[in-house]
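Structure first, commentary second.
Protein chains get the first letters and strands the later ones, always in sequence-line order, with residue 1 at the start of each. Side chains included, hydrogens not; waters and symmetry mates left out as well; all remaining heavy atoms used.
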There are 2 protein chains.
Amino acid sequence: MSNTPVYDQLAAAQLRLHHFGHLGSITHWDQETQMPAKGSEARAAALAELAALMHRLQTEPDLRDRIDRAGQEPLDALQRANLREIDRGWRKANALPEALVQAQSLATLRCEHAWRSQRPANDWQGFADNFGAVLRCAREEAELLSQQMGVSRYDALMDGFEPGMTSAEVDRVFGDLKTWLPGLIEQAVQRQKEQPVIDPVGPFPLDKQRALSERLVRLLGFDFDAGRLDVATHPFCGGVPEDVRLTTRYREDDFQQALMGTIHETGHGRYEQGRPRDMLGQPVSEARSAAIHESQSLAFEMQLGRSRAFVGLLAPMLVDAFGAQPAFEPDNLYRLSTRVTRGLIRVDADEATYPAHIILRYEIERALIEGEIEPADIPALWDEKMMSLLGLDTRDNCKDGPLQDVHWPAGLFGYFPSYSLGAMYAAQWFAAMRRATPDLDARIAAGDLAPVFDWLRDNIWTHASRPTTPELTLAASGEALNPAHFRAHLERRYLGRAG
Amino acid sequence: MSNTPVYDQLAAAQLRLHHFGHLGSITHWDQETQMPAKGSEARAAALAELAALMHRLQTEPDLRDRIDRAGQEPLDALQRANLREIDRGWRKANALPEALVQAQSLATLRCEHAWRSQRPANDWQGFADNFGAVLRCAREEAELLSQQMGVSRYDALMDGFEPGMTSAEVDRVFGDLKTWLPGLIEQAVQRQKEQPVIDPVGPFPLDKQRALSERLVRLLGFDFDAGRLDVATHPFCGGVPEDVRLTTRYREDDFQQALMGTIHETGHGRYEQGRPRDMLGQPVSEARSAAIHESQSLAFEMQLGRSRAFVGLLAPMLVDAFGAQPAFEPDNLYRLSTRVTRGLIRVDADEATYPAHIILRYEIERALIEGEIEPADIPALWDEKMMSLLGLDTRDNCKDGPLQDVHWPAGLFGYFPSYSLGAMYAAQWFAAMRRATPDLDARIAAGDLAPVFDWLRDNIWTHASRPTTPELTLAASGEALNPAHFRAHLERRYLGRAG
């Protein structure tokens with residue numbers, strides 16, 4: 001036994017936080033899936049009380065000193081990684097003065113609430129009035145964090161989701177994308193014009209969809225003895241690693257959205273279920289970052305779920321569930337799963353056009369946070385970038401433009417890049433997987449998904465937050481984040497080029 | 001505004017406890033209704049952390065002084081009642097030394113765990129080995145509480161569930177019951193021999209039962225915008241007043257148990273939903289006692305639910321759900337709902353034989369706690385009392401005798417009386433209701449349940465813990481607890497005597 005009394009105290013305090021977090025996760029999941037309407041006020045009060053308690057525990061005055069003293073103890077590598085993450089958590093919880101936290105909470109509450117009616121009303125000016133306060137708080141937060149961390153203001157915010165990621169790095173990969181993505185999209189759209197697609201004919205009864213989703217989630221290796229699948233208006237993956245709560249939503253006229261959404265959340269869920277058990281309750285056992293989490297959901301949904309091999313497995317399951325129809329013929333189903341359409345709405349975008357939505361938002365929000373532009377500049381910039389990236393006109397249509405996402409009204413800046421970084425990581429994981437298992441697609445087509453799950457478990461899930469993201473990426477794939485894999489994936493799938 | 005700063009602080013602390021209790025209630029409900037098996041260890045740890053936090057908050061060193069100082073402030077009547085309940089809660093949380101709480105927790109955990117296999121194995125001796133430690137802790141607890149409260153040891157334990165109730169009072173009402181109950185049961189059994197009953201023929205599909213239960217719960221006035229109905233292995237009523245979680249269980253071969261169980265839990269649920277909103281989060285807004293809570297579930301299940309008038313409403317609902325069959329003819333359904341059968345198992349007992357099970361347990365557990373008997377004496381006493389009260393032989397059958405209940409292995413002494421006190425209160429409420437609404441049964445038969453709900457709301461629910469139980473009883477019914485109403489109810493229903 002090593003002599004690490006201060007570290008042990010810190011670890012015990014983290015475990016306590018983890019237990020309280022458990023109660024918060026489950027009650028939040030309950031709130032989103034099944035809580036009756038009149039319970040919301042009491043629930044909000046209870047969760048606010050919990051948040052205040054957890055904040056008090058994370059800001060106890062002697063914590064800083066204990067973290068420093070623990071660093072002098074003879075820690076092993078895992079403990080040292082855990083202490084690094086404890087330190088990160090401490091800085092995050094202690095960075096902002098109470099007054100700013102409160103001002104921010106008020107500003108985002110007001111802005112988000114008003115946004116819910118301003119968006120359908122296309123009321124940019126009304127939105128901008130509230131958004132000013134949200135942005136001021138975010139800039140103040142970014143400034144404070146920037147000084148503490150010695151990085152740029154936007155990077156300081158992004159660090160909350162992508163530890164260590166910089167805008168220089170994002171510029172590098174997004175800059176690469178911008179050189180070839182618009183052309184690839186155009187080619188894909190032209191190519192698909194020559195490929196007729198038969199649409200599925202509904203209705204698709206909800207109980208059949210539910211049974212099909214459960215079958216699919218099982219096929220994807222999710223452990224139903226350690227989790228559930230339920231319905232939520234805005235699907236998410238919640239709960240705790242020992243009890244992961246997947247959610248999805250069903251529409252009688254369209255089974256595809258639910259099915260792909262379920263596959264997506266299952267990717268998140270398997271990462272959670274696969275987190276290492278030996279340090280559970282400690283920050284080092286937590287998911288590495290938002291982009292790495294998204295790389296799991298997109299590995300499941302985009303890399304695996306929409307692949308020709310997997311669609312071949314899916315087709316007979318659809319016939320079992322809904323009866324045979326021409327649309328369920330595997331080649332047609334694959335064409336349905338890989339349609340490329342330039343659209344105004346990010347959440348409806350396919351994997352080829354999605355990064356365009358992200359690049360646009362990243363460029364605007366970075367300039368906002370760095371003080372290079374003001375809210376009044378957003379609509380014109382949005383128009384310009386949508387035209388150049390996707391050739392779409394959004395003039396006088398803020399509702400399907402900068403008003404479409406909850407992120408900005410909610411004060412969430414620095415998160416958007418994670419979506420597309422996740423897509424790029426996912427492509428990189430599958431490229432590495434194919435090197436390790438050259439007949440991967442044949443194995444998948446034969447119903448053997450073990451090579452996918454085994455690779456992700458061995459290279460991503462079990463490492464959790466022990467390595468940094470660059471260390472994880474290098475160990476898993478032999479190189480740093482490289483957008484070439486994403487490009488090769490898109491070219492193979494949408495332009496028919498050999499990978 | 002009155003000047004009550006210390007009281008206000010106490011009230012704020014109670015609200016904090018209430019918020020944490022909310023998280024505990026919902027996650028406990030989740031655990032019992034839907035948590036996957038592998039989540040149990042993490043959930044237990046999270047709930048234990050919450051219990052420890054709440055215990056710390058309830059035992060903060062300066063609380064005693066603040067309660068005393070608040071008592072000197074100019075409180076209004078409601079605040080004073082609340083302070084009385086805060087004081088009660090403080091005494092309960094602070095009465096026992098930490099070492100005893102831990103010893104008790106260990107002893108009951110071990111005893112209850114072993115009991116789960118000892119019961120089916122009819123292993124009294126094995127049980128007695130563990131039960132000794134449980135009883136020693138309970139006696140020590142009772143002794144400590146007895147000294148603090150100046151009441152007998154058993155009364156001190158009972159006070160945890162029935163504030164102010166004494167064994168002298170229980171002896172009075174149970175003593176009354178013992179003089180007439182065995183004779184009444186015998187007469188009812190003889191009378192029912194001449195009344196042939198047609199049994200319902202299943203199966204009763206679970207989805208039909210679920211829909212019927214929901215319809216019934218709605219008819220009983222439960223607000224589904226402030227609660228849910230789900231399935232649990234051991235049905236209970238959980239959640240919080242703003243979000244009440246009813247549970248039931250369905251068996252395909254028997255709809256009656258689920259239906260009556262659902263009505264029972266709905267009674268609990270309406271009490272919870274009906275608790276006054278103006279002091280929510282304060283102890284004074286909580287349910288008055290275990291027996292008063294049970295008086296609501298039994299008012300719904302026994303007084304209303306099995307009445308001839310209500311059965312007349314139920315019959316066409318059964319036909320709607322399962323199709324017509326001879327057993328659903330209202331008079332037959334009423335006979336089915338009011339069968340009297342002497343049996344060994346308490347939880348299967350009907351309302352006429354149920355008190356016999358309770359009297360037996362009360363007499364044994366009181367003698368155990370007062371040190372008049374030892375565990376080794378239980379089987380013989382059980383045999384003797386079962387023979388004298390119900391004429392049943394339980395020799396060498398501990399599994400259907402003293403091993404049948406979880407209460408004693410779980411260290412729960414002093415609770416059993418609440419069940420039958422609840423039945424007596426329920427009869428007393430309905431007697432008062434009939435005085436207020438002489439045509440009550442005609443109104444119920446016509447589908448107008450408002451007089452029942454209005455009376456219970458006005459006389460029980462909205463008062464919560466503001467009055468003491470005797471004050472509540474007197475104000476609601478004009479007299480103290482009087483077992484004559486229960487007797488009259490049983491004689492009317494089972495012997496056909498005019499009420």
Using heavy-atom distances under 4.5 Å, tell me whether [X] contacts chain A through its side chain, its backbone, both, or neither.
{"X": "L280(B)", "answer": "neither"}
{"X": "Q34(B)", "answer": "both"}
{"X": "D223(B)", "answer": "side chain"}

*Determine whether more than 12 heavy atoms belonging to other residues, nucleotides or ligands lie under 6.0 Å from atom NE2 of H55(B).*
yes
*Is it true that atom CD of E252(B) has more than 12 heavy atoms of other residues, nucleotides or ligands lying nearer than 6.0 Å?*
yes
Between [options], who has the most heavy-atom pairs with chain B when the cutoff is under 4.5 Å?
{"options": "E242(A), R245(A), H22(A), E41(A)", "answer": "H22(A)"}
{"options": "L15(A), V244(A), L53(A)", "answer": "L53(A)"}
{"options": "D225(A), D243(A), T27(A)", "answer": "D225(A)"}

*Could you check if a side-chain atom of K38(B) sits within less than 4.5 angstrom of a side-chain atom of Q273(A), using non-hydrogen atoms only?*
no
*To the nearest 0.5 Å, what is the distance between CD (E49(B)) and CG (L17(A))?*
9.0 Å
_Looking at chain A, which one of P241(B), G281(B), A45(B), A37(B) has the largest number of heavy-atom pairs inside 4.5 Å, strictly under?_
A45(B)
*Taking 4.0 angstrom as the limit, do R228(A) and D30(B) come out as a salt bridge?*
no
*So, for A46(B) and H19(A), which heavy atoms are closest and what is the spacing to 0.1 Å?*
CB-O, 3.5 Å
*Of all heavy-atom pairs between G227(A) and P36(B), which one has the smallest distance, and what is that distance?*
N-CG, 3.3 Å
*Heavy-atom proximity to chain B below 4.5 Å, by part of R43(A)*: both
